[in-house]
Colleague: 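Sharing a structure with you now.
Count residues from 1 along the sequence.
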Amino acid sequence: MKAMVLFSGGVDSTTCLGMAVEKYGRENVIALSVSYGQKHTKEIEAAGKIAQYYKVEHLSLDLEKIFAYSDCSLLSHSTEEVPQETYAEQLAQTNGKPVSTYVPFRNGLFLASAASMALSKECEVIYYGAHADDAAGNAYPDCSDAFNKAMNEAIYLGSGKQVHIEAPFVNWTKAEVVKEGLRLKVPYELTWSCYEGKDKPCGVCGTCRDRAEAFRANGVEDPALQ
């Protein structure tokens, strides 16, 4: 059995990659990284280093043009600034809508594209790192359990029951994801999560704050900051 992992180079997808390698063996795992017009290439660069670390096949896909009409603050053409607040603070101002760093239906597009590629590469399962903290409060609706179940059914049926998706963290907190990654000895020192593309993580964007709290909850310092 072969597995494809949607792979950004961040904490969650790297932990997914570690799980897949443990379960299927590196020779049966393919990492797929997607460019979508993000403001920087730090995550993609990290993904390349981590794929080399695990010695897995690493594919890339460019979906930038699909998001050309979005003003999501993560995109290079956006006029919006990345908020320097927690997701909870941002959600208090959105009236129930997703946060400004939500890229429109990103996971849906990534999974659908991965399904097509997985069929061609003879993979039977697609892993992705959605977790409960991202779905909370509708911040990222395409990380929710309901979304995962619906996409899994669509991909399973649409692939002729040849491919399904796995979101092992969909009901986990980010702290639980990190706990599993520490068990797997995931190379977190190689990962990049920050929404800004500077030399060092900004420490104040939503994902930096979530990451810091996840490592703190496990009683360890973030290896990427050491």
Side-chain angles (χ1 to χ4, degrees), residues 1-38 43-44 46-64 66-67 102-135 140-172 174 176-178 180-181 184 186-187 191-193:
M1 187 171 182
K2 293 176 66 176
M4 180 171 285
V5 180
L6 275 178
F7 186 50
S8 71
V11 164
D12 311 314
S13 66
T14 302
T15 308
C16 264
L17 184 62
M19 291 179 74
V21 167
E22 180 185 59
K23 184 171 182 178
Y24 302 107
R26 64 179 177 82
E27 68 278 6
N28 295 313
V29 174
I30 299 172
L32 172 63
S33 297
V34 183
S35 297
Y36 55 92
Q38 51 268 66
E43 274 195 344
I44 297 295
K49 294 175 183 177
I50 298 162
Q52 289 179 359
Y53 172 91
Y54 279 112
K55 296 181 172 63
V56 298
E57 183 177 359
H58 188 204
L59 305 179
S60 60
L61 178 65
D62 188 353
L63 296 179
E64 179 176 358
I66 293 178
F67 301 106
Y102 165 70
V103 184
F105 203 62
R106 180 174 65 178
N107 279 346
L109 288 163
F110 286 10
L111 287 165
S113 300
S116 179
M117 297 177 74
L119 280 166
S120 300
K121 296 291 286 184
E122 299 182 339
C123 296
E124 298 174 39
V125 60
I126 302 165
Y127 276 75
Y128 75 115
H131 61 83
D133 286 352
D134 276 349
Y140 295 99
D142 56 354
C143 289
S144 68
D145 188 32
F147 169 84
N148 175 62
K149 288 176 179 175
M151 282 299 296
N152 185 41
E153 182 176 10
I155 285 173
Y156 184 62
L157 294 176
S159 67
K161 300 183 178 180
Q162 297 182 79
V163 179
H164 69 281
I165 62 176
E166 291 279 351
F169 313 139
V170 74
N171 292 309
W172 291 19
K174 199 175 189 78
E176 291 171 322
V177 175
V178 168
E180 175 67 3
L184 291 165
V186 166
T191 62
W192 183 271
S193 301

Colleague: Please report the closest heavy-atom contact between Tyr140 and Tyr102, naming both atoms and the distance.
Modeller: CE2-CA, 3.7 Å
Colleague: As an exercise, state the distance from CD1 of Ile50 to OG of Ser8, rounded to the nearest 0.5 Å.
Modeller: 8.0 Å
Colleague: Would you sort out whether Gln38 and Ile44 count as a side chain to side chain contact (heavy atoms under 4.5 Å, CB included), showing the intermediate values?
Modeller: CA-CA 10 Å; Gln38 51 268 66; Ile44 297 295; 4.1 Å; yes
Colleague: Could you give the distance from OG (Ser113) to CG (Leu61), rounded to the nearest 0.5 Å?
Modeller: 5.5 Å
Colleague: Kindly write out the residues that satisfy side-chain contact (heavy atoms from CB on, under 4.5 Å) with Lys149, not counting sequence neighbours, or none if the list is empty.
Modeller: Asp145
Colleague: Go through Asp134 and His131 one step at a time and tell me if the side chain to side chain contact (heavy atoms under 4.5 Å, CB included) criterion holds.
Modeller: CA-CA 6 Å; Asp134 276 349; His131 61 83; 3.4 Å; yes
Colleague: How far apart are the closest heavy atoms of Asn152 and His164, and which atoms are they?
Modeller: OD1-CB, 3.4 Å
Colleague: List the atom of Ile155, the atom of Ala112, and the distance in Å for their closest heavy-atom pair.
Modeller: CD1-N, 4.5 Å
Colleague: Any idea which heavy atoms bring Thr191 and Gly10 closest together, and the distance?
Modeller: CG2-O, 4.0 Å
Colleague: Could you tell me whether Glu122 atom CD has more than 12 heavy atoms of other residues or ligands within 6.0 Å of it?
Modeller: no
Colleague: Just wondering, do Tyr156 and Lys161 contact through their side chains at under 4.5 Å, heavy atoms?
Modeller: yes
Colleague: Which heavy atom of Pro187 sits nearest a heavy atom of Thr14, and at what distance?
Modeller: CD-CG2, 4.5 Å
Colleague: Does Ser33 use its side chain to pair, donor to acceptor, with the backbone of Ser60 at less than 3.5 Å?
Modeller: no
Colleague: Does some side-chain heavy atom of Leu32 sit less than 4.5 Å from a side-chain heavy atom of Phe110?
Modeller: no
Colleague: Under the side-chain contact (heavy atoms from CB on, under 4.5 Å) test against Arg106, which residue among Leu111, Ile66, Asp142 passes?
Modeller: Asp142
Colleague: Testing the basics here: between Gly108 and Met151, what is the closest heavy-atom pair and its distance to 0.1 Å?
Modeller: O-CE, 3.7 Å
Colleague: Just verifying a value: how many Å separate Leu17 CG and Arg26 CZ, rounded to the nearest 0.5 Å?
Modeller: 12.0 Å
Colleague: Evaluate Val186 against Tyr54 for side chain to side chain contact (heavy atoms under 4.5 Å, CB included), listing each step before the verdict.
Modeller: CA-CA 10 Å; Val186 166; Tyr54 279 112; 3.8 Å; yes
Colleague: Using 0.5 Å steps for rounding, measure from the CZ atom of Phe67 to the CZ atom of Phe105.
Modeller: 10.0 Å
Colleague: Measuring from Lys121:NZ to Leu59:CG, what's the distance to the nearest 0.5 Å?
Modeller: 5.5 Å
Colleague: Supply the atom-to-atom distance Tyr24 OH to Met1 CE, rounded to the nearest 0.5 angstrom.
Modeller: 4.0 Å
Colleague: Report yes if some heavy atom in the side chain of Tyr127 is under 4.5 Å from a heavy atom in the side chain of Val29; otherwise report no.
Modeller: no
